[in-house]
Amino acid sequence: RQNATHNPSLYKKPFVESFEETPLLVAVLTYMGYGILTVFGYLRDFLRHWNIEKCHVARERDEQKDFVPLYQDFENFYTRNLYMRIRDNWNRPICSVPGAKMDLVERVTHNYNWTFEHTGKVVKDVINMGSYNYLGFAENTGTCADAAIETTQKYGVGVGSTRSEMGNLDIHEEMEELVARFLGVESSMTFGMGFATNSMNIPALTGKGCLILSDELNHASLVLGARLSGSTIRVFKHNNMQSLEKLLRDAIVHGQPRTHRPWKKILIVVEGIYSMEGSIVRLPEVIALKKRYKAYLYLDEAHSIGALGPGGRGVVDYFGLDPKDVDIMMGTFTKSFGAAGGYIGGKKELIDYLRSYSHSALYATSMSPPVAQQIITSMKIIMGEDGTTLGADRLKQLSENTNYFRRRLREMGFIIYGNDDSPVVPLMLYMPAKIGAFGREMLKRNIGTVVVGFPATPIIESRARFCVSAAHTREMLDTALEAISEVGDLLQLKYSRRE
Amino acid sequence: MNSRGIWLTYLLLTVVLHIVLLSIPFLSVPLVWTLTNVIHNLAMYLFLHTVKGTPFETPDQGKARLLTHWEQMDYGVQFTSSRKFLTISPIVLHILASFYTKYDATHFFINTCSLLTVLIPKLPQLHGVR
Amino acid sequence: YQYLLITGIYALEPWEKSIFNSVLFSAVAMVVYTSYVFV
């Protein structure tokens with residue numbers, strides 16, 4: 001019910017989003033599993049404390065005991081006693097581009113993942129279901145790569161200064177004009193790092209006496225930016241418009257705490273696609289609320305830009321809305337353009353203001369020219385300005401792959417979270433041991449997957465997160481689906497109680 | 001402490017504890033109930049009122065590091081449903097233990113002291129008090 | 001395999017698994033014995 005759409009008239013197409021509830025028995029067994037692992041964690045800490053067991057973790061020497069502790073002992077309890085045991089599933093070294101297929105460096109451990117050794121062998125052609133490569137631009141051949149190589153020879157790789165000083169190159173300005181045109185806004189500004197685009201610009205937009213209404217599952221960069229700004233932050237339930245409206249009403253009716261003065265600014269901060277939930281923001285309703293209560297809207301399209309919408313222009317394009325209704329359009333070039341960095345788009349006066357007040361513009365070195373070129377080339381391909389239909393084909397391919405992949409997983413009986421059109425596909429695992437087992441079993445079948453557990457997700461919502469790409473062929477998806485079904489039977493993961 | 005199924009898990013764990021204790025041949029029923037009550041309150045005191053901080057890193061710049069689990073629950077808001085539940089459960093256990101020990105004075109004294117060790121830290125007036 | 005996954009001891013080292021299994025086994029044995037005697 002919580003996910004039902006309350007204002008269908010605002011949507012031009014059906015908005016189908018689902019978060020099937022955790023089966024109660026599975027929830028109880030999950031807690032029990034975490035409880036058992038925690039008890040053994042305490043046992044291991046006890047053995048380490050009395051030097052019965054060798055301690056591999058970094059900690060102070062005896063001479064340093066009287067100083068302020070360098071390592072927060074308890075805060076690393078989970079890392080030491082849970083994550084360590086299954087961490088061979090994470091940070092796997094690859095030795096190719098993170099494309100539809102990739103090559104993994106094989107490694108072994110002789111002390112239960114405390115240290116690894118490379119065997120010198122390479123696991124070839126692993127199907128990559130984990131990387132953010134929605135449009136398949138993570139490739140070292142083709143137009144993008146050639147253009148980037150040419151730019152490298154022309155500009156070099158590094159820019160030794162900031163945008164406000166010597167680091168403002170013509171390629172940056174060309175890129176910003178293209179991004180503004182791509183987004184359909186007046187002006188845009190780009191930054192060399194996606195995370196910094198949020199964390200360094202929100203403090204330039206709001207400050208004391210302002211209110212930030214933030215979705216509870218917003219990315220850490222948004223959280224950090226909001227905190228750095230010094231504004232008052234209030235959190236609403238994930239993608240829940242009733243909760244957002246209630247906060248808006250309270251903010252306007254009661255004003256600031258104690259003084260009850262009206263808020264200088266109210267900024268609603270949401271993301272286009274939530275990369276851990278696979279959900280898409282209810283943008284038509286958010287825009288309707290911001291217009292009604294005269295708030296500003298900051299939309300982080302890190303995952304949705306390039307991956308959603310008939311023209312690949314993100315969630316605004318997906319819902320067929322006017323980009324001018326979104327006050328601050330933010331996004332990154334990491335996930336769909338095979339590049340790095342981020343952008344902010346909006347009114348010209350806003351961008352001009354950010355050029356003089358943003359931390360990144362004043363202190364960070366500018367984006368590397370080959371990366372800028374990669375963005376320009378891939379964006380032109382998406383817009384069809386390269387004279388081919390490659391961009392449109394990839395967008396269509398991504399949309400088909402997404403719907404096919406989600407539908408098949410649901411038919412197999414897995415619990416899949418999120419929106420039917422989201423290329424991020426979370427498959428629920430729940431128990432802590434199944435996180436490690438799933439990643440290992442899938443790698444045995446030559447599929448690279450990303451698994452996520454507590455505390456990055458709620459304790460009873462551990463999951464595997466697949467990222468579909470336009471570069472995946474139907475054969476690759478079928479191979480992956482077959483492997484997932486096999487592992488799903490082996491680990492008993494088909495929990496869904498849907499008809 | 002609000003997520004789905006955690007209260008049921010807590011009750012199941014308490015019942016399992018009691019059954020395991022009940023299965024120890026040389027323990028009498030009153031003793032088992034007192035042991036259940038004392039072990040339950042000891043574990044609750046340890047996990048909710050002694051251990052401070054979080055077993056993983058949080059993005060709140062270390063704010064939670066000095067707070068116990070009980071103080072971190074529901075962001076410090078008092079009288080939430082979880083808090084009520086975790087306050088009532090030891091009381092119910094104490095009533096059961098008193099009944100099954102036939103209100104024997106010694107058991108009653110031990111059970112009551114044990115109950116107070118988990119009730120007093122839960123008082124809103126003692127939030128954050130050291 | 002399901003037992004290892006559901007109890008979570010899949011992630012433990014062999015000697016920890018043995019500790020867990022012996023504790024669990026003795027507890028279950030005691031419960032069964034006492035239930036038998038009781039019944």
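Everything numeric here is computed off the predicted structure, so don't read it as measured data. Per chain, numbering begins at 1; letters A, B, ... match sequence-line order.
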Let me confirm one number: the CD-OH distance from C/Glu13 to A/Tyr112, rounded to the nearest 0.5 Å.
5.0 Å

Any non-hydrogen side-chain atom of C/Phe20 less than 4.5 Å from a side-chain atom of A/Val39?
no

Which value, rounded to the nearest 0.5 Å, describes the distance between C/Leu12 atom CG and A/Leu43 atom CG?
9.5 Å

How far does CG of A/Leu25 sit from CD1 of C/Ile6, to the nearest 0.5 angstrom?
7.5 Å

Within a reach of under 6.0 Å around OH of C/Tyr3, are more than 12 heavy atoms found that belong to other residues, nucleotides or ligands?
yes

Counting heavy atoms not belonging to A/Glu482, are there more than 12 under 6.0 Å from its CD?
no

For C/Gln2, is it the side chain, the backbone, both or neither that has a heavy atom under 4.5 Å from a heavy atom of chain A?
side chain

Got a sec: does the OH of C/Tyr33 have more than 12 other heavy atoms crowding it under 6.0 Å?
no

Examine whether an atom of A/Leu47 lies under 4.5 Å from a heavy atom of chain C, and if so say whether it belongs to the side chain, the backbone or both; otherwise answer neither.
side chain

Would you mind checking which part of A/Leu490 comes under 4.5 Å of any heavy atom in chain C, side chain (CB onward), backbone (N, CA, C, O), both or neither?
both

Could you look at C/Ile9 and say if it's the side chain, the backbone, both or neither that has a heavy atom under 4.5 Å from chain A?
side chain

Answer with side chain, backbone, both or neither: which region of A/Leu491 has an atom nearer than 4.5 Å to a non-hydrogen atom of chain C?
both

When you look at CH2 of A/Trp50, are more than 12 heavy atoms from neighbouring residues, nucleotides or ligands closer to it than 6.0 Å?
no

More than 12 heavy atoms of other groups within 6.0 Å of A/Lys494 NZ:
yes

Region of A/Ile86 that comes under 4.5 Å of a non-hydrogen atom in chain C:
side chain

Between C/Gly8 and A/Ala433, what is the shortest heavy-atom contact and its length?
CA-CB, 3.8 Å

Please report the closest heavy-atom contact between C/Tyr1 and A/Ala437, naming both atoms and the distance.
OH-CB, 3.9 Å

Most heavy-atom pairs under 4.5 angstrom with chain C, which of A/Arg85, A/Met431, A/Gln492?
A/Arg85

